[in-house]
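Report on one structure; see the data block that follows.
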Amino acid sequence: MLQISLAIFFTITSLLAEEHNVIGCEIFSMEKKLLRKFPGELCAFTDDGSILSTEEERIVYYDKNLKIKWTLPIKAHHQVNLNLKKDKFLLIGSDIVKQKNAKPARSDVLYIVNKSGKIEKKFDLFKEKAQFDKKYWVQAQKRKFPVIWTPSRFSDAEWELTHVNSFYEIDAKFNHGSFIVNDISLMLVFTLSADLKKVVWQSHLSSDPWTMLHDVQVLRNGNLLYYDNGTKSRPYSTLIEYDLKNSKIVWQYERTPKESFYAVRWGGIQRLENGNTLFSDITKGPISIEITKDGHEVWNMKSPPQTYLQQIKRQDLTKFLYHNKGL
Amino acid sequence: MRLIIFLFSALLAACAHQTLQKNIQRKTLQKDVDTSKVDRLFQEKINYLQSLYKVRRDPYFGRADKTEDCLSDIDIKGKAFENADHRSLTFNLKTNSDFIYGVCNPEEILYKSELIYLYCKKTSRFIEIKTFWPYKKAQPVLLDRAKECSNVAD
């Protein structure tokens, strides 16, 4: 009886599907009202009401009653995503790497964790360096990007060997791998096999030798969507949809004048169901903006000045909100 | 005339009481709580609230996303109390118009809230009681915890 009632409830709610906006661990209505707030920096919300939340030193899994079920000592950053089946979490963590004749460096490790807190798959960029085009490692070693994180995070590291900022599962229709990853220290976008062991494809993805990309993802049509922040010599940001098959840009968004959109760090982007694009902009204070294909702004939401506007998402969280009433 | 005034006053009092009741939310979080687990339950609530209100920093530059002001007139440590009848832990917090905790933006804050976690020894119940009142007004009523223990509905 309960199952039937729930099935009826979810059928009705799916007909009345609502959209919500997620910034970190906060959920807002389309009318910009705060609906829920949870502890942590980044959160992934599941249909059963449970939450994976990231803190500086660990990740925490809460059940729908906000009870901690487990924690893992993963220093997650940038984003926490669900896999396509929505039953596992994709995380970007970090380790300290010690090489001969070099000061300790920070390097990233990718994790796939299930809802029981078991690490099912792992990819350590440093340990797997032989799989990458050697020139990118050599260049990253030469550049020696300084550690820009607040000291409480990675105080042991003196420089950054790798710096992953996005990690998504790819729709099965894509034939270049099962997961897509972006690293701004190596300046490489690469894909991984389903078992997370092999680098299937890798690309610098730009004609500029220096790039800073964020939130690189594969759309359902097989194209790449990403946030090109720009660089000091090209001080403006561009949102790009790129057709890999024909190696050409099929959509891009820049502002006029170009410099009026320059997110010097961070950047979240999402292609919405209606074909519009949602993205974050920190040029003049943090704001989330929805634009149409022709770049016309149709919605925006400002955030308080110090908001960490890296992971923004438009999602239908009706099921989550039904199960998880918050505090 | 006196009767009319009396009836009108009674009506106003009833309305006020009803409004007040709307701003009090009671929920039994757990029944048949094992005595040995009570400490842990209270600690979990402290941890959750402190984590919710933790000052978070921009991961690169360390700028705080909450100011000291935000935390100045709230109590996230919790006041503990115990007698023969019950144990309680009381937090004083702020919320937005939808009674959402954790809000720090002064423009959004509309209510003050007393959040009480109550363990009733006779019934072994762990209860959550939230009271809300307009931010700039005084707390309208102090809840009698012993009475809450005897009255609470599931």
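A note on names: the letters A, B, ... follow the listed sequences, proteins ahead of strands, and every chain is numbered from 1.
- Taking a 6.0 Å sphere around NZ of A/Lys302, one finds it holds 12 or fewer heavy atoms contributed by other residues, nucleotides or ligands.
- Under a cut-off of 6.0 angstrom, the local environment of NZ in A/Lys32 is crowded, with over 12 non-hydrogen atoms contributed by other residues, nucleotides or ligands.
- The shortest non-hydrogen separation linking A/Lys37 to B/Ile100 is N-CG2, 4.2 Å.
- The aromatic rings of A/Tyr62 and B/Tyr48 sit perpendicular to each other, their planes meeting at more than 60°, with 30° as the lower class boundary.
- With a 4.5 angstrom heavy-atom cutoff, B/Leu49 touches chain A only via side-chain atoms.
- Between A/Glu55 and B/Ser51 there is a side-chain heavy-atom pair separated by less than 4.5 Å.
- Considering CD of B/Gln30 and CG of A/Asn65, their distance stands at 9.5 Å, rounded to 0.5 Å.
- Shortest non-hydrogen contact noted between B/Glu108 and A/Leu34 is OE1-CB, 4.3 Å.
- Heavy atoms of A/His77 lying under 4.5 Å from chain B are absent altogether.
- Residues A/Phe38 and B/Leu52 come closest through the heavy atom pair C-CD1, 3.6 Å.
- Residues B/Ser97 and A/Lys33 form a side-chain contact, since some pair of their non-hydrogen atoms from C-beta on lies under 4.5 Å apart.
- Between A/Arg153 and B/Pro59 there is a side-chain heavy-atom pair separated by less than 4.5 Å.
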>> Between A/Leu327 and B/Leu115, does the side-chain contact (heavy atoms from CB on, under 4.5 Å) criterion hold? Intermediate values first, please.
In response: CA-CA 10 Å; A/Leu327 180 63; B/Leu115 173 62; 4.1 Å; yes

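- Environment of NZ in A/Lys325: crowded, with over 12 heavy atoms of neighbouring residues, nucleotides or ligands closer than 6.0 Å.
- Contact annotation for B/Glu128: only side-chain heavy atoms (C-beta onward) come within less than 4.5 Å of a heavy atom of chain A.
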